[in-house]
**Q** 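The structure follows.
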Amino acid sequence: MHVKKYLLKCLHRLQKGPGYTYKELLVWYCDNTNTHGPKRIICEGPKKKAMWFLLTLLFTALVCWQWGIFIRTYLSWEVSVSLSIGFKTMDFPAVTICNASPFKYSKVKHLLKDLDELMEAVLERILAPELSHASATRTLNSSIWNHTPLVLIDERNPHHPVILDLFGDNHNGLTNSSASEKICNAHGCKMAMRLCSLNGTQCTFRNFTSATQAVTEWYSLQATNIFAQVPQQELVEMSYPGEQMILACLFGAEPCNYRNFTSIFYPHYGNCYIFNWGMTEKALPSANPGTEFGLKLILDIGQEDYVPFLTSTAGVRLMLHEQRSYPFIRDEGIYAMSGTETSIGVLVDKLQRMGEPYSPCTVNGSEVPVRNFYNDYNTTYSIQACLRSCFQDHMIHSCKCGHYLYPLPHGEKYCNNRDFPDWAHCYSHLQMSVTQRETCIGMCKESCNDTQYKMTISMADWPSEASEDWIFHVLSQERDQSTNITLSRKGIVKLNIYFQEFNYRTIEESAANNLVWLLSNLGGQFGFWMGGSVLCLIEFGEIIIDFVWITIINLVALAKSLRQRRAQASYSGPPPTVAELVEAHTNFGFQPDTAPRSPNTGPYPNEQALPIPGTPPPNYDSLRLQPLDVMESDSEGDAI
Amino acid sequence: MLARERADERRTRIAHSRALDPLEPRARPSSKSCPQSPILAMAPGEKIKAKIKKNLPVTGPQAPTIKELMRWYCLNTNTHGCRRIVVSRGRLRRLLWIGFTLTAVALILWQCALLVFSFYTVSVSIKVHFRKLDFPAVTICNINPYKYSAVRHLLADLEQETREALKSLYGFPESRKRRDAESWSSVLEGMQPRFSHRIPLLIFDQYEKGKARDFFTGRKRKVDGRLIHKASNVMHIESKQVVGFQLCSNDTSDCATYTFSSGINAIQEWYKLHYMNIMAQVPLEKKINMSYSAEELLVTCFFDGVSCDARNFTLFHHPMHGNCYTFNNRENETILSTSMGGSEYGLQVILYINEEEYNPFLVSSTGAKVIIHRQDEYPFVEDVGTEIETAMVTSIGMHLTESFKLSEPYSQCTEDGSDVPIRNIYNACLLAPDLPSFVLPDKDGGEMWMCPVRPASTSRSQLLQLPATPQLDVLLLPTASSLCPGRAGLPVCVQGSLQVCGPQGVRWTAGLGWAAYTHTVPSSLSFKEWTLTTSLAQWPSVVSEKWLLPVLTWDQGRQINKKLNKTDLAKLLIFYKDLNQRSIMESPANS
């Protein structure tokens, strides 16, 4: 009860707005507001009044428009970019090194024996078809061949291309093959790989314009097939071991050896070794620019033991990347040549972005709808990992097996001809598919931190002719404990990786428009055009509330009068009381609900008199409070 | 607060009313009540004023004098300083307030001016997009322009004379490799050396200033004082004898002599000068035939996992590099794009570089040149190419950076070049519309336009008229750029052709087939830049060489009948390292 009374009182206080009609309210507002325009509207002559009215309207519109622009700018989440260049002590990048050949030929020979024999026969057949007829009859593993054979397509007659199996007369029994093959070496023949699925019923041809490509692609497909069936542990053993590959290592002034490298198995290049990966121990910093403070490596690639048909390029694959990130060395790696010293000056080019909603990027990839198969390596998110995972996902989905080059989710198997006879066809189809790639690109998001290592690469012959002897002696002694030279210029690579004089260039994003910016701009515009502040807005809000109240009061009065009229329809209406009359005529002289002022310094003598000439209203509080209270309490009951 | 101010105002009014006319501006309800009776007794100026007041009744501030008006303004304005001026009592205070107000106004004006001037500034934003990227156009040229066997008959005399020069200068022994050339020499024995007659190769002795010995005649010649050392402003040449040659205009009264510290440079420059002259007289179709065909140059081609061949390349002919082939620049075809990073999804090409067909005097290095550029951009073979070594794989990883600039008034950029006086240059190039025109970058960051001017169709007067346009400086063909006779504006006739030196050593030769025009062209609005990371590795490897070379020979068998050697081949990989594209964008800093 008490509370209700208090609330009522509050309401009454609120209702005691600055007037009882709209006009009164507006005049009061214009006169008392702190925004500059409205005051002029009411206290000037009619012409100026109009002008001021227009001006005020115009500026209000202007302010609203500007506010719209500012708010839109704020909501566009723009960023400003700051760039800094210089040298500072930084973590040395992680360095991944791989041999261009994934395996030692001497160790994988037994696996590739059949395939190599077949390949040699194919080459013989291509190069000298008439001679190889005899040798082609020797025992070959026909199952490999029959699964995905290489064919010659004779396009000399463009309307009737003739497809010839390379060993056609032996296996498929195609007629007139030998006759046309002899001529087919000339212009107009091209090679293709036949990929079949559904038990050889549905076949596609993958065309090549050169025999080199055809045989290389064919061989690598077959080799993939073979290696996919070998458990990874065995593959690691067949690849180059760290102690054989890394002959010497020096970081700054501190010696290091192959134990400082983390080994991972990268299907394309076999064993890869990562220096300073930062997975288990802290990353090593480098505090000085220059060769002397960087990483110096001497590597042996053992070029003589390369798998001859698998890789035609000899050298070291090398990549610089961030700590704890997976090296996608096939995409981003560079080559280092044997018999040379390759010096690589590094500039770390870092781009740090704000993330949502400022830039469309992801901080850790958690919101990307692709399962990351590289999570097993415990590496950070990268777009390459996402794309490859996405591809592998599609592969598993459509071919039912995973590709050998990408990591495998649990419970799935790598593709091979024995278990998944259709995989080559399926893979080839998927690899060429544009939609697959676009889906993946659409799904993956780039990482917010993009670090590129800008490299300045220079090369020199190494070892020099004068130093050749002793260097080879020492290295041979260290590696093989032999007094003879077991190394050659073709096999060794020297690498220097170091920071350049300026070792970082950081581009950092920061929010261009923050809340403070927004508020100060809103305030600035409002102040500039109309001289207002937030309090003016509150004043405006107050007026609106008053408007609402007046409306409610009027409505209530209307309703009441209607009810009364219905009740005493016979009467023309009650005779007006004094209070009502006074109200009807004198509300212009309403007094705001402010502290009482001394009558002789009354603040509004002019203002009261000016707009509407007439007698100043007396203080009718005693007269009008009584009926008003009755009315208001009623209205309040209706309103609530 | 309001109440207090008003009270203040009231007090001031009272205070002033003592000194001033007790006219209360606010108290005056309308102009009509203004006293009108004194008009008649007033001066004519006042009369007009009063008349105006009468005819144009003003509502609002009622101020018969400026002072009153100011007072009224100061009291009623919303700016804050003014009011204080009126309200303050005491001269010092008033002056202080006037000072403050004026300072504030001045500051506002200054700041506004600064704002207006800095309106057209830009802010730069760097963004990274991950998306499918357009593959750039790749132009591949052999370093050697023409097959030596094909052009030999044109260059026989020149070769012969070059050999003679080498022999007399350095005692160069007879070439064993090219003995057949020597047999020619006996035929030409009696002939007058025509090349060295026109531009004589000279040897200068340090101790005999102004004297030079002609190689061929052995005669000592008098050389006038204008001796131009190549790069003499950079280094002081200390050697005892220098080699050079002399360029004279037709009447031989005005000669310029060029000297080089090394005979290699001298002979190469001399050879090039004659070579250009000879080749300029050969029609383009013939030159294209003398150069390498696409099938010959490209042994294999592989893009984005799919085979490609010579048909994917377009030919363009470069005077110093012969036939060049551009990949991914086919007109009316969609630009190829990459949706995967890595070398296997890029362009893989094996090039056949036949070292036996190299011109021994023109080029001294072996390999190919590759330029990565935008499809609509001219490949600046001479300036920005990456050279490729034989028996190697050159792996070029790319990162794409795209820059967008704002056009006028933010920077000096042109959207399509229409607002740049290039039209003139095009028109000039139309002198020989059937020959290709070139755009080359200038040293000063502008562009240099090279277009052919056929000697027959170009009269002397025509040529001299060309540089009349002030923006156009005319430049001569690339090699002879070292041969400016030096005096600005003076035409010199060299070998029947005309050379004009522009103001800052900008030169122009006509008659040799090319004239070039330079103009600092504002850079375009958006440009793509490919940051390249080039690395080399041995290819083919020792073990794969055995099978790879025969297969490549088989592939190439259609064009050549020769077993390929690994030094005849070069492998090139061009690929996107990743699909991140950095965009550097300018946006207006102010709105």
Side-chain angles (χ1 to χ4, degrees), chain A residues 36 44-48 69 79-81 100 123 126-127 185-187 207-213 215 303-304 306 308-309 311-315 330-332 334-338 351 353 359 383-384 387 431-432 434 437-438 441 444-446 450 452 455 457 459 490 507 531 597 601 603 606, chain B residues 2-3 6-7 26-27 30 58-60 78 123-128 130-132 299-302 305-309 339-344 350 392-393 395 397 399 531 533-544 546-548 550-552 554-555 557-558 577-580 582 591:
Chain A
H36 291 177
E44 303 277 0
K47 276 180 197 154
K48 285 210 167 177
I69 289 178
V79 290
S80 67
V81 172
L123 290 178
I126 293 168
L127 298 176
N185 270 359
H187 186 72
N207 292 347
F208 296 94
T209 49
S210 84
T212 321
Q213 280 159 12
V215 293
Q303 207 188 124
E304 287 77 16
Y306 269 33
F309 300 115
T311 31
S312 57
T313 309
R330 188 118 199 267
D331 304 344
E332 300 189 39
I334 58 163
Y335 280 110
M337 202 163 66
S338 56
L351 183 72
R353 289 189 287 163
S359 320
I383 187 110
Q384 273 90 358
L387 285 177
Q431 199 191 13
M432 293 297 130
V434 179
R437 289 189 202 173
E438 277 176 2
I441 287 179
C444 288
K445 274 184 180 174
E446 64 253 61
D450 175 39
Q452 289 176 8
M455 295 178 278
I457 304 169
M459 294 200 291
K490 289 201 184 299
I507 298 167
R597 295 178 182 87
T601 56
N606 294 332
Chain B
L2 208 73
R6 277 172 200 286
R26 298 291 298 275
S30 78
V58 206
T59 47
N78 282 312
S123 66
V124 173
S125 66
I126 299 181
K127 286 206 169 107
V128 173
F130 175 79
R131 59 186 184 95
K132 202 166 134 183
V299 184
T300 72
C301 168
F302 210 58
V306 182
S307 276
C308 48
D309 61 10
S339 45
M340 282 290 261
S343 57
E344 65 214 288
I350 296 176
M392 297 276 173
V393 53
S395 149
H399 278 297
T531 317
T533 313
T534 310
S535 61
L536 296 177
Q538 196 190 337
W539 176 89
S541 66
V542 178
V543 284
S544 62
K546 282 188 238 95
W547 70 269
L548 197 60
V551 181
L552 285 170
W554 184 85
D555 274 335
R558 305 149 196 175
K577 281 183 146 188
D578 54 35
L579 298 179
N580 285 338
R582 285 193 177 185
S591 58

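Here is how names work: the chains are called A, B, and so on, in the same order as the sequence lines, proteins then strands, and each is numbered from 1. Everything numeric here is computed off the predicted structure, so don't read it as measured data.
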**Q** So, taking the atom named CD1 in B/Ile350 and the one named OG in A/Ser312, what distance separates them when rounded to the nearest 0.5 Å?
**A**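 Those atoms lie 7.0 Å apart.
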**Q** Can you give me the closest heavy-atom contact between A/Asp331 and B/Gly341, atom names plus distance?
**A**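 For A/Asp331 and B/Gly341, the tightest heavy-atom pair comes out as OD1-O, 3.7 Å.
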**Q** Which of parallel (below 30°), tilted (30 to 60°) and perpendicular (above 60°) describes B/Phe302 and A/Phe208?
**A**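 The arrangement is parallel - the two ring planes meet at less than 30°.
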**Q** Quick one: do the A/Gln303 and B/Ser541 side chains pair a donor with an acceptor below 3.5 Å?
**A**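 Judged by distance alone, the side chains do not pair up.
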**Q** Using non-hydrogen atoms and a 4.5 Å limit, figure out which bit of B/Leu548 sits close to chain A: side chain, backbone, both or neither.
**A**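 When you check distances to chain A, only side chain atoms of B/Leu548 fall under 4.5 Å.
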**Q** Against chain A, work out which of B/Met392, B/Glu344, B/Gln538 has the most heavy-atom pairs shorter than 4.5 Å and name it.
**A**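 Ranked by contacts with chain A, first place is B/Gln538.
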**Q** Do B/Trp547 side-chain atoms and A/Pro308 backbone N/O form a donor-acceptor pair below 3.5 Å?
**A**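 At least one qualifying donor-acceptor pair exists.
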**Q** Rounded to the nearest 0.5 Å, how far does CG of B/Leu579 lie from CD1 of A/Ile383?
**A**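 Those atoms lie 8.0 Å apart.
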**Q** Are any non-hydrogen side-chain atoms of A/Ile441 and B/Ser339 less than 4.5 angstrom apart?
**A**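 Yes, side chains in contact.
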**Q** Between chain A and each of B/Pro540, B/Ser535, B/Pro550, count heavy-atom pairs under 4.5 Å; write down the option with the most.
**A**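 Among B/Pro540, B/Ser535, B/Pro550, the one with the most close pairs to chain A is B/Ser535.
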**Q** Just to verify, what does A/Val81 make a side chain to side chain contact (heavy atoms under 4.5 Å, CB included) with, not counting sequence neighbours?
**A**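 Expected list: A/Ile507, A/Glu509, B/Ser125, B/Ile126.
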**Q** If you count heavy-atom pairs under 4.5 Å with chain B, which of A/Ile334, A/Thr212, A/Asn207 comes out on top?
**A**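 Highest number of pairs under 4.5 Å: A/Thr212.
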**Q** Name all residues meeting the side chain to side chain contact (heavy atoms under 4.5 Å, CB included) criterion together with B/Ala537; count only those two or more places apart in sequence or in a different chain, and write none if there are none.
**A**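 B/Ala537 satisfies side chain to side chain contact (heavy atoms under 4.5 Å, CB included) with A/Thr313, A/Tyr335, B/Val393 only.
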**Q** Is there a donor-acceptor pair closer than 3.5 Å between any side-chain N or O of A/Glu332 and the backbone N or O of B/Asp578?
**A**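 Not confirmed, A/Glu332 side chain does not pair with B/Asp578 backbone.
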**Q** Could you have a look at A/Gln384, A/Met455, A/Lys445 and say which one has the most heavy-atom pairs with chain B under 4.5 angstrom?
**A**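 Looking at each option in turn, the highest pair count goes to A/Gln384.
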**Q** Please check if the side chain of B/Ser307 supplies one atom and the backbone of A/Thr209 the other of a donor-acceptor pair under 3.5 Å.
**A**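 Yes; at least one donor-acceptor contact below 3.5 Å.
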**Q** Non-hydrogen atoms of chain B under 4.5 Å away: do they reach the side chain of A/Ala336, the backbone, both or neither?
**A**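 Contact with chain B: backbone only.
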**Q** Are A/Asp450 and B/Arg582 close enough that some pair of their side-chain heavy atoms sits under 4.5 Å apart?
**A**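 A/Asp450 reaches B/Arg582 side chain to side chain.
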**Q** For the atom pair CG (B/Asp309) and OG (A/Ser210), what is the distance rounded to the nearest 0.5 Å?
**A**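 One gets 10.0 Å once the value is rounded to the nearest 0.5 Å.
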**Q** Side chain from CB out, backbone as N, CA, C, O: work out which of these in A/Arg437 comes under 4.5 Å of a heavy atom of chain B, or both, or neither.
**A**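 A/Arg437 touches chain B through side-chain heavy atoms alone.
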**Q** Could you check which of B/Cys308, B/Gly397, B/Ser343 has the highest count of heavy-atom pairs closer than 4.5 Å to chain A?
**A**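 Between B/Cys308, B/Gly397, B/Ser343, the count favours B/Cys308.
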**Q** Counting heavy-atom pairs under 4.5 Å with chain B, which one of A/Arg353, A/Met459, A/Met432, A/Lys490 comes out on top?
**A**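 The candidate making the most pairs under 4.5 Å is A/Arg353.
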**Q** Heavy-atom distance under 4.5 Å to chain A: side chain of B/Thr531, backbone, both or neither?
**A**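 Only the side chain of B/Thr531 comes within 4.5 Å of chain A.
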**Q** Report the distance from atom CD of A/Glu446 to atom CZ of B/Arg131, rounding to the nearest 0.5 Å.
**A**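 Taking CD in A/Glu446 and CZ in B/Arg131, the distance rounds to 11.0 Å.
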